[in-house]
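Quick note on labels: first sequence line is chain A, next is B, and so on, each numbered from 1. Predicted, not measured: the structure shown is a model, and the values here were computed from it.
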Protein chains: 2
Amino acid sequence: MVYRDSSGRTLADYPRPSVAVDTAVLTVTPDGVLAVVLVRSGDPAGWRVPGTFLHPGERLADAVRRSLAQKAGITGLEPAQLHVFDAPERDDRGWVLSVAHLATVRYEELRLDAGIARLEDISAVGELRYDHSAIIEFAVAELRARYASAPDPAGLLPEPFTILELRRLHEAVAGEWLQRDTFRRAMLPGLVATGELQRGQRGKPAELFRRT
Amino acid sequence: MVYRDSSGRTLADYPRPSVAVDTAVLTVTPDGVLAVVLVRSGDPAGWRVPGTFLHPGERLADAVRRSLAQKAGITGLEPAQLHVFDAPERDDRGWVLSVAHLATVRYEELRLDAGIARLEDISAVGELRYDHSAIIEFAVAELRARYASAPDPAGLLPEPFTILELRRLHEAVAGEWLQRDTFRRAMLPGLVATGELQRGQRGKPAELFRRT
DNA sequence: CTAATAGTGTCTATCAGACACTATTAG
DNA sequence: CTAATAGTGTCTGATAGACACTATTAG
């Protein structure tokens, strides 16, 4: 059975684009900097966010995981779709649609292959090939939106943690200073106290929390 | 010049999916019902949201406009991307990715070809083929988010309009009753008064406004 | 006049920002 | 003890919900 559309064409009559996934992998470094993983593409040379072409029958999220496992040694991610970049001339290798994704990873889990992959401060990313600067902007906006109302929704902070550690993380994501008391009150409903205290610091010891 | 990826494959080595666009066209009827345009697909039979396959070199938004001009007589839209549906088995005609879109249109501008296109109340849409029920859910959620904070961002209401007319529209989109005085105060910053009054109704005549 | 609808004053509850105070530790 | 940090009480200003009041029209 061959299906035809309203013009009488079958599915095979439609030339098809290549479909790629490109992923902004975001993390926060121990010194509180929001950073993105860049890889050096073989040819043409230049830094870009990791990506790959979709394999036959593959899910987009699986293609993202495959490319990240291969290029940044990262597994177990839950990528989120951001946007389809579809400018016909965006890739000089031909007609390529790119589905941009966001992934987040703990800094400690990153295994970057020095020389082909590096971490770049989000505020220092220059112009990249293709639409990769725009992909990063979409990703940062999405991450900031998620972190605006909930404590560490991406799970970047190992549990348990103090509210100071949580606030440092949120400040890194937001890119701005956050008020101490307001932040605490806003996040408490999404936290559960462990009853344990962090010791060994100056001052009153902070209570340790987990996400609800 | 032939580019190769990290596995040595060229672009031509990758089998490619068909890429479709499917669009939830939303409108509000004169009696205040949020409704979606459904079309009857030729084969296999069944109601669905209008869509088409992407033509070579075509932008996604242009494919949406082409399909809507053809199937619902609608022009001049600004479709918004929602999500890519990528389940490999979602379409029994083969490997088809669908980029879901949202478009809005004034009820008065709809020219539906009776017999192959109809309007369906959003709260009465049953299960549709492919992912089309999910597409409608994405579209309604997006439209509601947009209407939550700004007066008629999609321009569904002909200007000038009274605040009562605006509130009826927002209630149709939100699917719930909205408070009269709070709604007025929330929307006024996004409106400009014309100084003209609506006449011919019972009661105190309402002022007419435009969007800023 | 009455009925109906538009528009507004105002009270209350809630919440963010701001500030200062108390609590508890290290050294 | 002092210095430092955690945690909290509270004041203020802004805002949503709620209610009632005034304003202006049709009939």
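- A donor-acceptor pair under 3.5 Å links the side-chain atoms of B:Q81 to the main chain of A:V84, judged by distance alone.
- Within the 4.5 Å cutoff, no side-chain heavy atoms of B:V99 are placed close to those of A:L97.
- A distance-only check finds a donor-acceptor pair linking the side chain of A:T194 to the backbone of A:L208 [under 3.5 Å].
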- Query: Just the dot-bracket of DNA chain C, please: which string comes out with Watson-Crick or G-U pairs under 3.5 Å, [ ] for crossing, | for another strand?
  - Reply: |||||||||||||||||||||||||||
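- A:H83 places no side-chain N or O within donor-acceptor distance of the main-chain N or O of A:I135, the cut-off being under 3.5 Å.
- With hydrogens and angles ignored, the 3.5 Å screen pairs no side-chain donor or acceptor of A:H132 with any backbone N or O of A:R48.
- Note: CD (A:E207) to C1' (D:dT5) measures 15 Å, nearest angstrom.
- A distance-only check finds a donor-acceptor pair linking the side chain of A:H170 to the backbone of A:Y147 [under 3.5 Å].
- Note on A:I163: nothing from the nucleic acid sits closer than 4.0 angstrom, heavy atoms only.
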Listing time: all N or O pairs from protein to nucleotides 21-24 of chain C that are below 3.5 Å?
from   : atom 1 : to     : atom 2 : distance (Å)
C:dT24 : O2     : A:K204 : N      : 3.1

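- An OP1 or OP2 oxygen of C:dA16 is reached within less than 4.0 angstrom by no side-chain nitrogen or oxygen of A:Q179.
- When all heavy atoms of B:D152 and B:R211 are compared, the closest pair comes out as OD2-NH1, 2.8 Å.
- A donor-acceptor pair is defined here as one N or O able to donate and one able to accept, closer than 3.5 Å; such a pair exists between the side chain of B:R144 and the backbone of B:V173.
- Rounding to whole angstrom units, CZ of residue A:R184 and P of C:dC15 are separated by 17 Å.
- Distance A:D181 CG to D:dT8 P: 11 Å, rounded to the nearest Å.
- Residues from residues 185-198 of chain A lying near DNA chain D, meaning a heavy-atom separation below 4.0 Å, are A:R185 in numerical order.
- As rounded to whole Å, 13 Å separates atom P of D:dA6 from atom CG of A:L166.
- A donor-acceptor pair under 3.5 Å is formed between the side chain of A:S133 and the backbone N or O of A:L128.
- Sequence order on DNA chain C of the closest nucleotides to B:T162 and A:T182 puts B:T162 first from the 5' end.
- Side-chain atoms of A:F53 and A:V96, non-hydrogen and from C-beta on, do get closer than 4.5 Å to each other.
- Rounded to whole Å, the distance from CG on B:L208 to P on C:dA6 is 12 Å.
- Distances shown here put every side-chain N or O of A:R202 at or beyond 4.0 Å from the OP1 or OP2 atom of D:dT5.
- B:R65 has a carboxylate O that lies under 4.0 Å from a charged side-chain N of B:D62, or vice versa, which qualifies the two as a salt bridge.
- Put simply, the side chain of A:Q201 and the base of D:dA4 share no donor and acceptor less than 3.5 Å apart.
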